[in-house]
Amino acid sequence: MKCAFALKQYPSREGDPRDRLATEVGALRLMEHHRLDVVPRVMGVDPDRGYALLSWIEGAEVFRAH
């Protein structure tokens, strides 16, 4: 079985008090804890550099409603 991953870089927090990395990682881990298997799994986090390594989930493109 071939595994695929997404390396996501989050924006710098300079001038922005929101911690987007911690918020998304926390939400994904909460969903994993509650056994929701339709979201990526957090494989690794580097908060100092602002990166998260996530499992890849195949799916269809999501289109914005008009």
Side-chain angles (χ1 to χ4, degrees):
M1 182 176 151
K2 185 177 177 183
C3 295
F5 302 94
L7 181 62
K8 187 170 181 180
Q9 182 181 24
Y10 294 79
S12 168
R13 294 189 59 201
E14 289 182 29
D16 186 351
R18 298 172 295 176
D19 189 345
R20 296 178 185 199
L21 171 61
T23 300
E24 185 165 356
V25 166
L28 290 171
R29 287 183 170 155
L30 177 67
M31 289 182 266
E32 180 179 11
H33 176 78
H34 289 283
R35 300 174 193 230
L36 296 171
D37 60 358
V38 294
V39 296
R41 297 291 180 240
V42 178
M43 308 306 291
V45 179
D46 184 343
D48 295 332
R49 292 182 178 91
Y51 285 97
L53 182 65
L54 308 173
S55 64
W56 185 263
I57 296 179
E58 288 296 330
E61 183 176 353
V62 177
F63 293 95
R64 176 183 241 179
H66 297 323

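Note that the structure is predicted; figures quoted are calculated from it, not measured.
- No more than 12 heavy atoms of other residues, nucleotides or ligands shown are found within 6.0 angstrom of NE2 on H33.
- Pairing each heavy atom of L36 with each of V39, the nearest pair is O-CG2, 3.7 Å.
- In this structure, the side chain to side chain contact (heavy atoms under 4.5 Å, CB included) partners of L53, at least two apart in sequence or on a different chain, are F5, L7, M43.
- Take R35 and apply the salt bridge (charged side-chain N to carboxylate O under 4.0 Å, His left out) test, not counting sequence neighbours, and it matches no residue.
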With a cut-off of 3.5 Å and sequence neighbours excluded, list every side-chain donor-acceptor pair involving residues 17-30.
from: R18; atom 1: NE; to: D16; atom 2: OD1; distance (Å): 3.0
from: R18; atom 1: NE; to: D16; atom 2: OD2; distance (Å): 3.4
from: R18; atom 1: NH2; to: D16; atom 2: OD2; distance (Å): 2.9
from: D19; atom 1: OD1; to: A22; atom 2: N; distance (Å): 3.1
from: T23; atom 1: OG1; to: D19; atom 2: O; distance (Å): 2.8
from: E24; atom 1: OE1; to: K8; atom 2: NZ; distance (Å): 2.8
from: E24; atom 1: OE1; to: Y10; atom 2: OH; distance (Å): 3.0
from: E24; atom 1: OE2; to: K8; atom 2: NZ; distance (Å): 3.2

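- Shown here are the side-chain hydrogen bond (donor to acceptor under 3.5 Å, both in side chains) partners of E14, two or more places apart in sequence or in another chain: there are none.
- Within the structure, the side chain to side chain donor-acceptor pair (under 3.5 Å) test picks out the following pairs touching residues 55-65 (sequence neighbours left out): W56-E58.
- Sorted by first and then second residue, the pairs that involve residues 37-52 and meet salt bridge (Lys or Arg N to Asp or Glu O under 4.0 Å), not counting sequence neighbours, are E32-R41, D46-R49.
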